[in-house]
Amino acid sequence: MTGRGSVDGDPFEDEPAGSVALDQVPEGIVLAVSGALDLALAPAVRRTVERATRLRPALLVLDLTAVTFLASSGMAELVRTHRQLDGEITVRVVATGRLVLRPLELTRLTDELAIHATLADALAAR
């Protein structure tokens, strides 16, 4: 038998697990999210946002450029973060590509969230 995966194994076992990384920059804090932003990764995003807010940044950027799938639970975390921190901390989202932008457009979250095409744009916006 040829091809990827095996009959006995999980066909998705080679899929990378998602991750969230916190990076302090002069403008504020960047949370770089990678992999599938779904029910499994959403709690890690929430915990990392909470940790970031304890640092009291002026700006929090959620960088979704490495996200491969955006589920409703991931979108809920984006909205929760935006609404919870509104007025205290400026929240911006970096989103590119159809896999991430399309769900945000269909749910009209592009009207509520500050979406930027690049991390540099999100950091430089006033």
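When reading the values below, keep in mind they use all heavy atoms of this one structure, side chains included, and skip hydrogens, waters and symmetry mates. Note that the structure is a prediction, hence the values are computed from the model and not measured.
With 3.5 Å as the limit, one finds a donor-acceptor pair spanning the side chains of S19 and S34.
In this structure, P103 and R98 approach most closely via the heavy-atom pair CD-O, 3.8 Å. Annotation for L85 and L60: closest pair CD1-CD2, 3.8 Å, computed over non-hydrogen atoms. Between A52 and I29 the shortest heavy-atom distance is O-CD1, 3.6 Å. Minimum heavy-atom separation, S73 to L39: OG-N, 2.9 Å. The nearest pair of heavy atoms linking L59 to E27 is CB-O, 3.4 Å.
Within the 3.5 Å criterion, the main-chain N or O of A122 finds a donor-acceptor partner in the side chain of R92.
Linking Ile, Leu, Val, Met, Phe, Trp and Tyr whenever their side-chain heavy atoms come within less than 4.5 Å puts L113 and V45 in one cluster. V79 and V94 end up in different hydrophobic clusters when Ile, Leu, Val, Met, Phe, Trp and Tyr side chains are linked at under 4.5 Å. Residues L119 and L64 are members of separate hydrophobic clusters, defined by side-chain heavy-atom contacts under 4.5 angstrom among Ile, Leu, Val, Met, Phe, Trp and Tyr.
Under the 4.5 Å side-chain criterion, counting only non-hydrogen atoms from C-beta, L31 is not in contact with V61. Residues I89 and T53 form a side-chain contact, since some pair of their non-hydrogen atoms from C-beta on lies under 4.5 Å apart. Counting heavy atoms from C-beta outward, L99 and V67 have side chains that stay 4.5 Å or more apart. R46 has its side chain out of reach of V49: every pair of non-hydrogen atoms, C-beta onward, lies at least 4.5 Å apart. At a threshold of 4.5 Å between non-hydrogen side-chain atoms, the residues L104 and L70 count as touching. Using a 4.5 Å cut-off on side-chain heavy atoms (C-beta onward), T81 and L62 make contact.
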Does the pair Q24 and L55 meet the rule for a side chain to side chain contact (heavy atoms under 4.5 Å, CB included), with working shown?
-> CA-CA 9 Å; Q24 285 189 278; L55 299 171; 4.0 Å; yes
Going through the distances and angles, do D86 and V91 end up as a side chain to side chain contact (heavy atoms under 4.5 Å, CB included)?
-> CA-CA 7 Å; D86 190 34; V91 178; over 6 Å; no
Would you please test D63 and V33 for side chain to side chain contact (heavy atoms under 4.5 Å, CB included) and show each step?
-> CA-CA 6 Å; D63 185 354; V33 183; over 6 Å; no
Worked check of side chain to side chain contact (heavy atoms under 4.5 Å, CB included) between V100 and T65 | CA-CA 8 Å; V100 175; T65 55; over 6 Å; no
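We find the CG-CZ distance between L37 and F69 to be 9.5 Å, quoted to the nearest 0.5 Å. In this structure, I115 CD1 and L101 CG are separated by 7.0 Å, a value rounded to the nearest 0.5 Å.
Here E50 does not pair with R47 in a salt bridge; the nearest charged N to carboxylate O distance is not below 4.0 Å. Using a 4.0 Å cut-off between a side-chain N of Lys or Arg and a carboxylate O of Asp or Glu, R56 and E88 do not qualify as a salt bridge. Electrostatic pairing of D111 and R108 counts as a salt bridge here, judged by a charged N lying under 4.0 Å from a carboxylate O.
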